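Down below is the structure, laid out as structure tokens.
Keep in mind that this is a model prediction, so the values were computed, not measured. Each residue takes its place number in the sequence, starting with 1. Side-chain atoms are counted along with the backbone in the values below, which use heavy atoms only and exclude waters and symmetry mates.
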Amino acid sequence: MENRKHIHTTRIAMRWGDMDALGHVNNTVYFRYMEQARIEWLQQIGSDFDSRHGPVLVNAQCSFLRQLKYPCEVEVKSYIGAVGRSSFEASYEIRRADLPEVVFAEGTAKIVWVDFDLEKSIPLPEDLRQLLTNPAPVA
């Protein structure tokens with residue numbers, strides 16, 4: 001993603017059960033790591049969503065660059081890319097916390113703000129739009 005802005009970093013303890021029969025983290029778990037980072041960030045910013053409207057993931061992709069193996073702590077860096085009327089693009093870098101210079105996986109997602117009753121996209125809440133277009137610097 002071009003012109004992306006770093007918005008959040010989280011660390012997640014890898015669980016023994018994250019591995020598959022081949023002894024490395026199962027491909028589906030990478031999507032859980034990205035999901036955990038996304039939800040933590042939304043909670044951190046106090047995003048205004050409830051049972052009537054909120055974020056829906058409409059597309060997700062992951063490139064698996066290196067195998068993650070137990071035990072380790074995973075670090076997920078989250079970035080924001082293009083912001084539209086009712087959606088925004090996010091990207092993620094997954095690393096081992098003890099090897100921060102090595103990217104093990106890269107992912108992207110498109111998140112759309114939806115009215116759940118109407119099952120239609122709606123404009124992003126203005127406070128969220130402001131955060132997405134002018135995110136605070138991440139330490």
Side-chain angles (χ1 to χ4, degrees):
M1 262 192 213
E2 299 288 325
N3 301 321
R4 66 186 190 163
K5 299 172 187 167
H6 182 212
I7 55 163
H8 183 72
T9 299
T10 190
R11 288 192 171 184
I12 303 166
M14 181 187 294
R15 300 168 304 176
W16 174 258
D18 290 348
M19 292 186 304
D20 61 19
L22 300 175
H24 57 252
V25 171
N26 184 275
N27 61 317
T28 61
V29 176
Y30 290 78
F31 289 97
R32 289 187 187 137
Y33 294 155
M34 290 184 277
E35 175 187 56
Q36 183 66 34
R38 184 170 47 254
I39 296 303
E40 283 182 19
W41 172 71
L42 286 167
Q43 289 175 331
Q44 176 187 322
I45 65 170
S47 186
D48 181 25
F49 62 95
D50 54 35
S51 62
R52 296 175 297 127
H53 65 274
V56 173
L57 188 71
V58 297
N59 183 298
Q61 176 275 330
C62 187
S63 295
F64 308 98
L65 306 174
R66 294 178 179 258
Q67 296 181 56
L68 281 169
K69 296 182 179 183
Y70 183 88
C72 78
E73 186 176 38
V74 176
E75 181 179 83
V76 182
K77 289 190 175 190
S78 303
Y79 302 86
I80 291 299
V83 178
R85 179 190 75 83
S86 62
S87 66
F88 60 94
E89 294 176 356
S91 65
Y92 308 91
E93 293 177 348
I94 299 175
R95 305 164 188 264
R96 287 180 59 117
D98 62 341
L99 294 172
E101 68 283 354
V102 180
V103 177
F104 282 75
E106 296 174 324
T108 60
K110 183 169 186 176
I111 296 105
V112 175
W113 216 256
V114 171
D115 179 309
F116 298 130
D117 293 332
L118 298 176
E119 297 183 4
K120 289 183 150 186
S121 66
I122 59 174
L124 292 167
E126 191 54 36
D127 60 334
L128 178 60
R129 176 177 299 288
Q130 289 300 319
L131 281 169
L132 293 172
T133 55
N134 302 302
V138 177

Under the criterion side chain to side chain donor-acceptor pair (under 3.5 Å), I'd like the reasoning laid out for E106 against S63: C-alpha separation, chi angles, the key distance, then a yes or no. CA-CA 5 Å; E106 296 174 324; S63 295; 5.4 Å; no

Tightest non-hydrogen contact, residues H8 and A37, listed as CD2-O, 3.7 Å

Q.
Contact between F104 and L99 at the side-chain level, heavy atoms closer than 4.5 Å - yes or no?
A. yes

_Check: R85 main-chain N/O paired with R129 side-chain donor or acceptor under 3.5 Å_ = yes

Here the pair of heavy atoms bringing A60 nearest to L57 is CB-CD2, 4.0 Å

Between K5 (side chain only) and T133 (backbone N and O only), is there a donor and an acceptor less than 3.5 Å apart? yes

**Message:** Under a 3.5 Å distance rule, please check whether R4 uses its side chain to pair with a backbone N or O of A82 as donor and acceptor.
**Reply:** no

For this session: Would you kindly confirm whether M14 and V102 end up in one hydrophobic cluster when ILVMFWY residues are joined by side chain heavy atoms under 4.5 Å apart?
Result: yes

- Has the side chain of R95 got a donor or acceptor atom that lies under 3.5 Å from a matching backbone atom of E75? no

**Report entry** Lys/Arg-Asp/Glu bridge criterion (N-O < 4.0 Å) met for E93, K77
**Finding:** no

Main chain of N26, side chain of H24: is a donor-acceptor contact present, judged purely on distance under 3.5 Å?
no

Closest non-hydrogen contact found for K69 with G23 is CG-O, 3.7 Å

Relative to the ring of H53, is the ring of W113 parallel (under 30°), tilted (30 to 60°) or perpendicular (over 60°)?
tilted

- Message: Within the supplied structure, the quantity of interest is the number of heavy atoms (other residues, nucleotides, ligands) at a distance under 6.0 Å from E126 CD; does it exceed 12?
- Response: yes

*asked:* If we count only N and O atoms by modelled type, under 3.5 Å, do the side chains of Q36 and E40 hold a donor and an acceptor together?
replied: yes

Paired with I94, the side chain to side chain contact (heavy atoms under 4.5 Å, CB included) test is passed by just one of L68, V25, V29, namely L68

Closest heavy-atom pair, Y92 versus M34, reported as atoms and distance to 0.1 Å, is CD1-SD, 3.5 Å

Heavy atoms of G84 and L124 approach each other most closely as O-CD1, 3.6 Å

> Is there a path of hydrophobic side-chain contacts, each under 4.5 Å between heavy atoms of I, L, V, M, F, W or Y residues, that connects Y30 with V103?
Replying inline: no

| task | Over 60° means perpendicular and under 30° means parallel, so classify the ring planes of F88 and W41, tilted if in between. | result | perpendicular

